[in-house]
Participant: 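Let me give you the structure first, and then I'll get to my questions.
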Amino acid sequence: LDDQITAAIGGGGSSFETVSKTLSAVGALLAYNGAGDLASITYANGVVKTLNYTGDKLTSIVLSGSIPPGIDTTKTLTYTSDDLTDITYS
């Protein structure tokens, strides 16, 4: 497990955003869907970030793999027409 994630969690910042911000792009593998959109990032420390779309809108980001327990793993983005109106974590 990435030492930065462990330090962030120990510091009381156990959140989706804290984990997401501590991921290093060094050695990360990018995968794209058929539409050419970024579909997932697999980080060297075993964390996978999956990006889900509805049409051309990013609707959720899911963290999986080597994640500390107790972390919300899904960030859901809600739109009204073309405007981003809400972000929730679960």
Participant: Same cluster or not: are Leu38 and Val48 linked, directly or through other Ile, Leu, Val, Met, Phe, Trp or Tyr residues, by side-chain heavy atoms under 4.5 angstrom apart?
Facilitator: no

Participant: Please tell me whether Leu30 and Tyr53 are part of a single hydrophobic cluster in this structure, the criterion being side-chain heavy atoms less than 4.5 Å apart.
Facilitator: yes

Participant: Hey, what do you get for NZ (Lys75) to OG (Ser15), rounding to the nearest 0.5 Å?
Facilitator: 10.0 Å

Participant: Does Leu63 reach the side chain of Val19, with side-chain heavy atoms less than 4.5 Å apart?
Facilitator: yes

Participant: Which pairs, with at least one residue in residues 38-64 and sequence neighbours excluded, count as a salt bridge (charged side-chain N to carboxylate O under 4.0 Å, His left out)?
Facilitator: Lys57-Asp82

Participant: Where do Ala39 and Asn33 come nearest, in terms of heavy atoms and distance?
Facilitator: CB-N, 3.8 Å

Participant: Could you list the donor-acceptor pairs under 3.5 angstrom formed by side chains in residues 83-90, with sequence neighbours left out?
Facilitator:
from	atom 1	to	atom 2	distance (Å)
Thr85	OG1	Thr78	O	3.2
Thr85	OG1	Thr80	OG1	3.3
Tyr89	OH	Glu17	OE2	2.7

Participant: What are the two closest heavy atoms between Ser60 and Thr74, and how far apart are they?
Facilitator: CB-CG2, 4.4 Å

Participant: For Ser24 and Tyr43, work out which heavy atoms get closest and say how close.
Facilitator: O-CD2, 3.2 Å

Participant: How many angstroms lie between OG in Ser40 and CD1 in Ile61, if you round to the nearest 0.5 Å?
Facilitator: 12.5 Å

Participant: Give, for atom CG of Leu51 and atom CD1 of Ile41, the distance between the pair rounded to the nearest 0.5 Å.
Facilitator: 6.0 Å

Participant: Would you say Ile67 and Thr73 make side-chain contact, with heavy atoms under 4.5 Å?
Facilitator: yes

